[in-house]
Amino acid sequence: MSNDVMAEIQRDYLFNLVLKGERADGRAFDEFREMSIETNVIGAAEGSALVKLGDTQVLVGIKTQPGEPFPDTPDVGVIITNAELIPMASPEFEAGPPREGAIEIARVVDRGIRESKSIDLKKLCITEGEKVWIIFIDIHVLNNGGNIIDAASAGSIAALLTATLPAARYDLGEDSQIPMRDIPIAVTAIEFGGELLLDPSLDEEQIAGTSLTVITNTDGSISGMQKSGAEPLTVDQVIRVVDMAKTAAAEIRKKFLEV
Amino acid sequence: MSNDVMAEIQRDYLFNLVLKGERADGRAFDEFREMSIETNVIGAAEGSALVKLGDTQVLVGIKTQPGEPFPDTPDVGVIITNAELIPMASPEFEAGPPREGAIEIARVVDRGIRESKSIDLKKLCITEGEKVWIIFIDIHVLNNGGNIIDAASAGSIAALLTATLPAARYDLGEDSQIPMRDIPIAVTAIEFGGELLLDPSLDEEQIAGTSLTVITNTDGSISGMQKSGAEPLTVDQVIRVVDMAKTAAAEIRKKFLEV
Amino acid sequence: MSNDVMAEIQRDYLFNLVLKGERADGRAFDEFREMSIETNVIGAAEGSALVKLGDTQVLVGIKTQPGEPFPDTPDVGVIITNAELIPMASPEFEAGPPREGAIEIARVVDRGIRESKSIDLKKLCITEGEKVWIIFIDIHVLNNGGNIIDAASAGSIAALLTATLPAARYDLGEDSQIPMRDIPIAVTAIEFGGELLLDPSLDEEQIAGTSLTVITNTDGSISGMQKSGAEPLTVDQVIRVVDMAKTAAAEIRKKFLEV
Amino acid sequence: MNDKPEHFIIDGKRLDGRNLDELRPIKIEMSPLDRADGSCYLEWGNNKIMAAVYGPRELHPRHRQNMTRSVVQYRYNMASFSVDERIRPGPSRRSVEISKVSREAFEPVVFTKFFPRTAIDVFIEVLQADAGTRTAGINAASLALADAGIPMRGLVSACAVGKVDGRIVLDLMKEEDNYGEADMPVAMIAGGRITLLQMDGRLTTEEFYEALKLAKTGCDKVYELQRQALLEKYGGEHPVDAEDVSLEGDTDEQ
Amino acid sequence: MNDKPEHFIIDGKRLDGRNLDELRPIKIEMSPLDRADGSCYLEWGNNKIMAAVYGPRELHPRHRQNMTRSVVQYRYNMASFSVDERIRPGPSRRSVEISKVSREAFEPVVFTKFFPRTAIDVFIEVLQADAGTRTAGINAASLALADAGIPMRGLVSACAVGKVDGRIVLDLMKEEDNYGEADMPVAMIAGGRITLLQMDGRLTTEEFYEALKLAKTGCDKVYELQRQALLEKYGGEHPVDAEDVSLEGDTDEQ
Amino acid sequence: MNDKPEHFIIDGKRLDGRNLDELRPIKIEMSPLDRADGSCYLEWGNNKIMAAVYGPRELHPRHRQNMTRSVVQYRYNMASFSVDERIRPGPSRRSVEISKVSREAFEPVVFTKFFPRTAIDVFIEVLQADAGTRTAGINAASLALADAGIPMRGLVSACAVGKVDGRIVLDLMKEEDNYGEADMPVAMIAGGRITLLQMDGRLTTEEFYEALKLAKTGCDKVYELQRQALLEKYGGEHPVDAEDVSLEGDTDEQ
């Protein structure tokens, strides 16, 4: 009961702020929280990145190993993306196999990487039909402070950019980098009181009816989109989010030149 | 509570009918509901059949693919039969892995086909010990109007009779039919008030203590039998069901000449 | 409630006994219940032993078959130990995949065998990197009368000592014994009222805060140890259990000369 | 798997002869199932979809009940024989995600507040899969919900748009989906508000605008077919009557 | 796997020297387990079966309770080492089906109405498997239920009949089961009413009649052994005393 | 996998230059996580461990509640990328056992009676694994519990001892763990009472005594580092203040 009351009060508070064009942490509607990316944090992984986005902390580890290609695509490598919303990260998360929330995050991140063709999958082929590189992207959410998906997406790309293919370990020639061609960036907005807010904090996320994630590439093209949540969006809102996402993604992408 | 009362009233009603030699839908005790069989309804499957038996609707799909034989039977093909009592078909069915009801249906249908030797399994061998045809029989119950098992059995046979082995797709020569040698037909009776009723409707099924399924072949031989339910049967009752089943099966088998 | 009261009374009763230096079944603190070991009880298994330790009954079956070695240890055989606390054995046990209790038993028994190097794993290699003997140790608890772990450990060793490698069945030469080099014996003590009691009965086990299992070898060395339970032990207590375990194990080991 | 065709569009026509903004043939059968509270069978090109609705009904286990509204549950499932390569039965990561976004496509339109503590269960079985099963499933679900008499703010209509041979096209068929450059499933409430939106592939912003517009055209066409199916089934009776008004109202809005 | 023998019956004798209507040797040990409310160890040829009964006892979770009667639960399980090829632990489709039909073999005889809301749990462990484990399990379960003092209308007795070399024989051994032409497990309440009936293989109607008759003979023989085991254990005491009467009554009936 | 080194100890120094009774470097960061009630990040050699504590909080499902005390739950988990060969996500038999013995390492020190019906949840994520992850996890958990303000009788400190090249050494590194002759993880309450004890390998009784003594030395060193970390974080404030007294008292005891 009292939880409901608190939620109601919180909602009203944030709603009134939004009406005044403000957010609880003082950000502009199209402003991201500070994002820090630290790569190569896990030596045991072939690539890794710890992303902090406000209070959100996501650790992404890349493991690569030779394996069999899928029968219908014998000449390209395999990407397997997995997200774990471990109970450490939030009182709401429970142990057990990934549920729809974790599966959605993994699949949206996966498609963003795959569909942008940011990895040259053909170059991951070792012997056609027999052996290709399998790339496991494991997303480990340590602390949920809202907008896990953008942090997970950024972490995955950062980890991929610094990951190696350990060919020598398997007598497959010299080690090399994963062949990357683009830097797709996910940017998520929530709709609340008719307004669109980028990079929602946990509080904002919990009161918003719906969110839209847009993944854009270096050339400004869109390579992924996912609406999530139980409220509708208008066509105009969608178009505005796409515009905001492109601008914000360009800003975030700069960080990767530093990585 | 009121559910129990309704069940009680329903039971009394049907019991009194049976005492008068009648059934709620006007059928004779040894009379099947109208059965329609439509084959090749799913182009993506190698064989398929939609069976309607009264309100019951069962869709059976056959998939065939080359695979490894079992080590102890290296020269014969493999049949794998699976039944799904999906929650679409009845408010009583729940999502999740098959429970005992679905497993029993699949196994009785499977044994009927296997034990009648209606499929010439030796002819499904491609390379002894290495490669044989695997035949998946997937039974998808769409609407449970009672007597799923007879509909599933008829659907499986109808789908098998029209199924192809897509050899060309796997560079294994020309496509051919699945080598069928017989048409085993399952016929189920319930015992109720001392009487034996063929092809129970859902209402009848729910009040009956027990059922007996008898699978008979073209030559009148029996190739499968399964008692199900918590009431005993006398030897005489069993013998009567076998007789009724042979007659009814012969009638149903005629439909397959039309298929 | 009344269960709690009974447990309380039982605890007081046993506590008062221990203060007087007694146990409910008249044993000395360092005395085992009668242990009987019957081997080769299951002809279908390559080795087997039924151990009765007081009311506790544990059946261990050994299955052996050729299989692939682990990639990082290509020249040694594989041991896989599994324990099932089947619901037959106790009203507390539930059906389903092994829980932490069963897993702990299996792993402690497994480590005792493995770490004592009682099996010469190198001799289980058939073709390096390709084929080795896999030894399945399956522990089936039939009746839980307390101290399952010592019974399971003794049963596993007894079953291994009499097990064959059925090489002829796989065209791998002549059958032989599993190459055994030592007889590690697990001895478990519980701590209760400051005292240490070997081979706890079920009643004793249920009131004890903690237990310590010590696995010792023929030469008196220790090859495994596991504290279990929610009470601490002092260093002195641990040292005393080790001493008691060595003496008791030597006694039990004599039985294996009879096997 | 067929090989990739060299061209998908020749002389303004697609491989199956359709225009760029043309839907595949759609066939709707209302209430094919007897046990469900509402049902709909829908063929869309080579897709064969069965939808059933149960509810509002008691929700188990109890802790999943919501005191103030009905809980919409949606299970999208592909029959194991619905595609060339047999699917192992049971939920996959793909089907879990599709079930989630499809459920969210309906949550805005169902009057869940009318039925606290209950569940409204939507079951979609893909009996044969061509491209576009999730949108076909949503269209069938919409009609099955109406057939079950579940009060809704309007029908949900869905279709996919995509990009092949550099052109934005409506309603991808299988080859276009497999080898095309982008795929974008969209669901809308009559009137144009978006309740499902996903995109895979690569589109410029301009192409995206065009795709969104074409999706609206497609959803409008689908809506018209859904409306006809309901009219045929219910004629002047209330389920459609009442709904019809509000739907039209919605359409007028924009 | 051994190869298929050329003949199963030579000069009217089977591979193990039995007559066509002869059971394999049966050994019964009552109450071998201390924790269970009732138990029985049974050897039947090379089958080694342990049965245990717990109950009537509280049933969890609560929603599985029946307000008017006890729920009989039956778990048939094969130990992983019970056959030549190791079995992966846990339920298989085969063991689930056997558990179901075995449970139904007892539901008609247990006075479940005496114990509303409770469970009566029967656990069967096949420690070593020859042919006929389900019928051996039922026979052991019957005695374990009696040992637990569960009131029953009569003992359930079971055996399989089959067809080898064109002849109907009682109680198939492993080779006969593997290569025979038909296998038919049957369970009966003393008196002849059938509580379990399954058939695999191929039989003419006449053969089936013969098989059914032979099954009755087999079940009668098994019943006699069960009765002796109970008498030895309980002598003139009540569990058997009371039962004995009703059982004899049943036998006289036919 | 690296090959086994010929020697692990040369001139009294180990492969990484440590003395036999020397711990690897330990780095502690308090409260790195915002959502958890308490947390601790700990590096120990190449181990990277995150610990989080939630609770006391409501325990679901209800039947798992204890009317007289809080239930301590402990989940040790290795991230799939924490070792050379990727680990499949989800609990393994190894992680289930480690979770159990680690939970039991804390049950004696947590004042569970203060919080009936609740759960105290400890989550350990091994982000990078060298040898000794369970003891590193326990040390981190100890600090996370203190950080969450959970009242305890004292901190739990843990380390492993082992045998390599015939010598008893403190705190095995990976190569020593892989190829060494024995490994013995120990957890102690400040004062020396043992709350976790496991041993693998082969030790004479004398070696075991020596190992136990060395474990005490190691745990004392770890305790000092834990104490410092708490002092740095909380200074003179109460969480440590109160605890500090009781801990010192415990230490004085022996």
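Given the structure is predicted, the values throughout are model-derived calculations rather than measurements. In what follows, every chain begins at residue 1, and chains take the letters A, B, ... in the order their sequences are listed.
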Item to check | Steps toward salt bridge (charged side-chain N to carboxylate O under 4.0 Å, His left out) verdict (C:Lys117, F:Glu181) | outcome: CA-CA 11 Å; C:Lys117 307 204 187 310; F:Glu181 295 141 59; over 6 Å; no
Checklist entry - chain F heavy atoms under 4.5 Å from C:Asp236: which part of the residue, side chain, backbone, both or neither? => result neither
Checklist entry - Which answer fits F:Tyr209, side chain, backbone, both or neither, if we ask what part of it has an atom under 4.5 Å from a heavy atom of chain C? => result side chain
Checklist entry - Where is the tightest heavy-atom contact between C:Val235 and F:Gly192, given as atom of each residue plus distance? => result CG2-O, 4.1 Å
Checklist entry - What distance do F:Glu104 atom CD and C:Lys227 atom NZ have between them, rounded to the nearest 0.5 Å? => result 6.0 Å
Item to check | Pair F:Leu197-C:Leu233, side chain to side chain contact (heavy atoms under 4.5 Å, CB included): steps then yes or no | outcome: CA-CA 9 Å; F:Leu197 175 60; C:Leu233 292 174; 5.9 Å; no
Checklist entry - Side-chain contact, heavy-atom cut-off 4.5 Å: F:Thr195 with C:Pro232? => result yes
Next on the checklist: Which one wins on heavy-atom pair count under 4.5 Å against chain F: C:Val242, C:Thr216, C:Asn217?
Outcome noted: C:Asn217
Item to check | side chain to side chain contact (heavy atoms under 4.5 Å, CB included) between C:Asn82 and F:Arg93, worked out | outcome: CA-CA 10 Å; C:Asn82 187 54; F:Arg93 287 158 52 104; 3.4 Å; yes
Next on the checklist: For C:Thr234 and F:Arg193, which I'm curious about, is there any donor-acceptor pair between the side chains at under 3.5 Å?
Outcome noted: no
Checklist outcome for this item: Max heavy-atom pairs within cutoff under 4.5 Å with chain C, candidates F:Ala187, F:Ser99, F:Gly201, goes to F:Gly201
Next on the checklist: Can you tell me if F:Phe111 has over 12 outside heavy atoms packed within less than 6.0 Å of its CZ?
Outcome noted: yes
Next on the checklist: Could you check whether atom NZ of F:Lys221 has more than 12 heavy atoms from other residues, nucleotides or ligands sitting under 6.0 Å from it?
Outcome noted: yes
Item to check | Option in F:Arg202, F:Gln198, F:Glu107 with maximal non-hydrogen atom pairs under 4.5 Å from chain C | outcome: F:Arg202
Checklist entry - Do F:Leu196 and C:Gln226 touch side chain to side chain, with heavy atoms closer than 4.5 Å? => result no
Checklist entry - With only heavy atoms counted, which part of F:Arg94 is less than 4.5 Å from chain C, the side chain, the backbone, both or neither? => result both
Checklist outcome for this item: With chain C, the option among F:Ala105, F:Ala215, F:Pro108 that has the most non-hydrogen atom pairs under 4.5 Å is F:Pro108
Item to check | C:Arg240, CZ: over 12 other non-hydrogen atoms inside 6.0 angstrom | outcome: yes
Item to check | Pairing of C:Glu100 and F:Arg103 as salt bridge, 4.0 angstrom limit | outcome: yes
Item to check | Which portion of C:Leu212 sits near chain F, non-hydrogen atoms under 4.5 angstrom | outcome: side chain
Checklist entry - When only pairs under 4.5 Å are counted, which of C:Gly209, C:Gly220, C:Gly112, C:Ser228 shares the most heavy-atom pairs with chain F? => result C:Ser228
Item to check | Proximal component of C:Asp182, with respect to chain F [non-hydrogen, under 4.5 Å] | outcome: side chain
Checklist entry - Taking atom NZ of F:Lys100 and atom CD1 of C:Ile103, what is their separation to the nearest 0.5 Å? => result 11.0 Å
Checklist entry - Minimum heavy-atom separation for C:Ile222 to F:Thr204, with atom names? => result CD1-O, 4.4 Å
Checklist entry - Would one find more than 12 heavy atoms of other residues, nucleotides or ligands at under 6.0 Å from atom CD of C:Glu68? => result no
Next on the checklist: Is the shortest side-chain heavy-atom distance between F:Val101 and C:Glu104 below 4.5 Å?
Outcome noted: yes
